[in-house]
Amino acid sequence: MQSKKDIEREVEKTLNSLEGMRPATPGPFFFTRLQSHLHKAELNIWERISVFIARPTIAMAVVLAVVLMNTVVFFKHDETAPSIAEQQTEQQYEDFSLADNAFYDYENLEP
């Protein structure tokens with residue numbers, strides 16, 4: 001066990017170490033930064049939207065949704081393309097179908 005004199009010496013040494021202490025002071029320009037932060041205007045709607053979209057969870061969710069939609073469209077795509085013979089037949093029908101019906105629409109305006 002330590003003697004009473006050793007304990008008193010430790011207490012005195014501790015109290016003496018506090019003699020040169022000064023109160024804490026803020027850094028330079030602290031007050032101006034605090035005032036600018038307090039008087040800062042609210043974010044407008046576009047800034048709020050950009051902050052919301054920039055969140056990693058939202059960005060990853062959007063990317064995942066786009067990939068999922070592309071995958072669904074890829075696998076649901078109907079592969080039944082017309083053959084070359086069908087395309088040629090359709091081409092022939094389209095060549096001869098004239099949709100000019102104005103020639104046959106006579107209107108007799110005289111009695």
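When reading the values below, keep in mind they use all heavy atoms of this one structure, side chains included, and skip hydrogens, waters and symmetry mates.
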Checklist entry - Would you say Q35 and H39 make side-chain contact, with heavy atoms under 4.5 Å? => result yes
Checklist entry - If you measure from NZ on K76 to OG1 on T71, what distance do you get to the nearest 0.5 Å? => result 12.5 Å
Checklist entry - Among the clusters formed by ILVMFWY side chains lying less than 4.5 Å apart, do L64 and V72 turn up in the same one? => result no
Next on the checklist: Can you tell me how far apart CZ (F29) and CG (L34) are? Round to the nearest 0.5 Å.
Outcome noted: 15.0 Å
Checklist outcome for this item: Output for pair (I49 CD1, N44 CG), nearest 0.5 Å, gives 9.0 Å
Next on the checklist: Please say yes or no: joined through hydrophobic side-chain contacts below 4.5 Å, possibly via intermediate residues, are L68 and V63 part of one cluster?
Outcome noted: no
Checklist outcome for this item: Distance col, row D6:CG vs R9:CZ, nearest 0.5 angstrom, shows 4.5 Å
Checklist outcome for this item: So CD of E47 and CD of E42: to nearest 0.5 Å the spacing works out to 11.0 Å
